[in-house]
Number of protein chains: 2
Amino acid sequence: MSQTRQQIIDLADQLIREKGYNAFSYKDISSVLNIKNAAVHYHFPSKAELGKAVIQQNWKDYTRELKKWDVLNPTQSLEAFIQVYEKLGSQGLVCFMGAMGAAYETLPEIMQSELTAASVEIRLWLRQVLRKGLETNEFHFTEKVEEKADFIISALLSSLILQRVTKENIPANVKSAILASVK
Amino acid sequence: MSQTRQQIIDLADQLIREKGYNAFSYKDISSVLNIKNAAVHYHFPSKAELGKAVIQQNWKDYTRELKKWDVLNPTQSLEAFIQVYEKLGSQGLVCFMGAMGAAYETLPEIMQSELTAASVEIRLWLRQVLRKGLETNEFHFTEKVEEKADFIISALLSSLILQRVTKENIPANVKSAILASVK
DNA sequence: GTCTATACGCTGATAGAC
DNA sequence: GTCTATCAGCGTATAGAC
């Protein structure tokens, strides 16, 4: 992978998190990298392909993290998961799902399918962590695992969005509440 | 308020929820209402003022609901609150906070301040409901009220976004988990 | 890989007629 | 209130030179 291509993806990722997919432009990228509009098109003929590459990179990085956590116990896994959002929050960023999910219906189809596939995997992973935690008696809650998982994922996703709006540390509050709610 | 002005606000509201503030245009509105671009500018000289009007209308409607719920007990209040998101979810819509919050930093300042003010009020309202529920022994949870409130609001907000991505009934799952977690 | 040049529709916005 | 006319700039995208 060429260096410029990688820079374009990284920049597009940043722009999507900041402005959303529909509101960033090739010029936003070319002006920062000091290249021309056409040079960006050389690497990504269409904006949809660039968007797809951004999702794929995010997902690749995410699954690599997930793999690393295989050795952790349920409590540690959940904390590692939460820490991803904590880190994003400390940088004032939103997650890629939050950035693109709100305008999901307007995304090119090749981006929609990538995004949906990623959401399936994340939900399955967290369910499995919660299930294991119940079995080992590390976690204690009465809700259905599926519902608890969606509750947690949803809260983490929005905590980053609401942090921007409220200018308060919502991710920290959500973290405390999640950890308390599984004890 | 003229009928056209009201139609413009309603349409802009719909477009913002669907595409986001930065990605909708005056043409999206004028073409549907069968008027010209310039006619929209007559009612809202700038896009920022239209965006502000959309937030204000949402907030006016929201606070009217909140007032109605003054007579309810904490359990009923929480259920009424959740029902707002359930209804949006059944229509495939996201809430105005979710639609605009993700790109908060790119919004005109007059929109940012309206949005932030609204978030303060909602959080205060839910905290008060949770606090009262603890006092009356209707609710049982050990987390801090502030953290629990942010947990719940965050989850509801994202449940609408994730419903689009996953094509599953996330709001229903989140609703169950919330109600179970305060029992 | 990056450039210049170019296409052409859409963008938010304004001036002035009706 | 709505129209026509007009604006300068930006949007994605392509062709072909270097």
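Just so we're on the same page: letters track the sequence lines, and every chain starts at 1. When reading the values below, keep in mind they use all heavy atoms of this one structure, side chains included, and skip hydrogens, waters and symmetry mates.
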Atom-to-atom span, [atom1] of [X] to [atom2] of [N] - whole angstrom:
X: B:Ile29; N: C:dG12; atom1: CD1; atom2: C1'; result: 12 Å
X: A:Gln7; N: C:dG1; atom1: CD; atom2: P; result: 12 Å
X: A:Leu33; N: C:dG1; atom1: CG; atom2: P; result: 14 Å
X: A:Tyr42; N: C:dT4; atom1: OH; atom2: P; result: 17 Å

- Please work out whether the ring planes of B:Phe141 and B:Phe139 are parallel, tilted or perpendicular, with thresholds of 30° and 60°. tilted
With no hydrogens and no angle check, just 3.5 Å: does a side-chain donor-acceptor pair link [X] and [Y]?
X: B:Thr106; Y: B:Tyr21; answer: no
X: A:Glu168; Y: A:Asn173; answer: no
X: B:Ser181; Y: A:Lys148; answer: no
X: A:Asp10; Y: A:Gln6; answer: yes

- Query: Around B:Lys47, counting heavy atoms of other residues, nucleotides and ligands shown, do more than 12 lie under 6.0 Å from its NZ?
  - Reply: yes
- Can you give one letter per nucleotide of nucleotides 6-18 of chain D, 5' to 3': B if a protein heavy atom sits under 4.0 Å from the base, S if only from the sugar-phosphate, - if neither? ----SSBBBB---
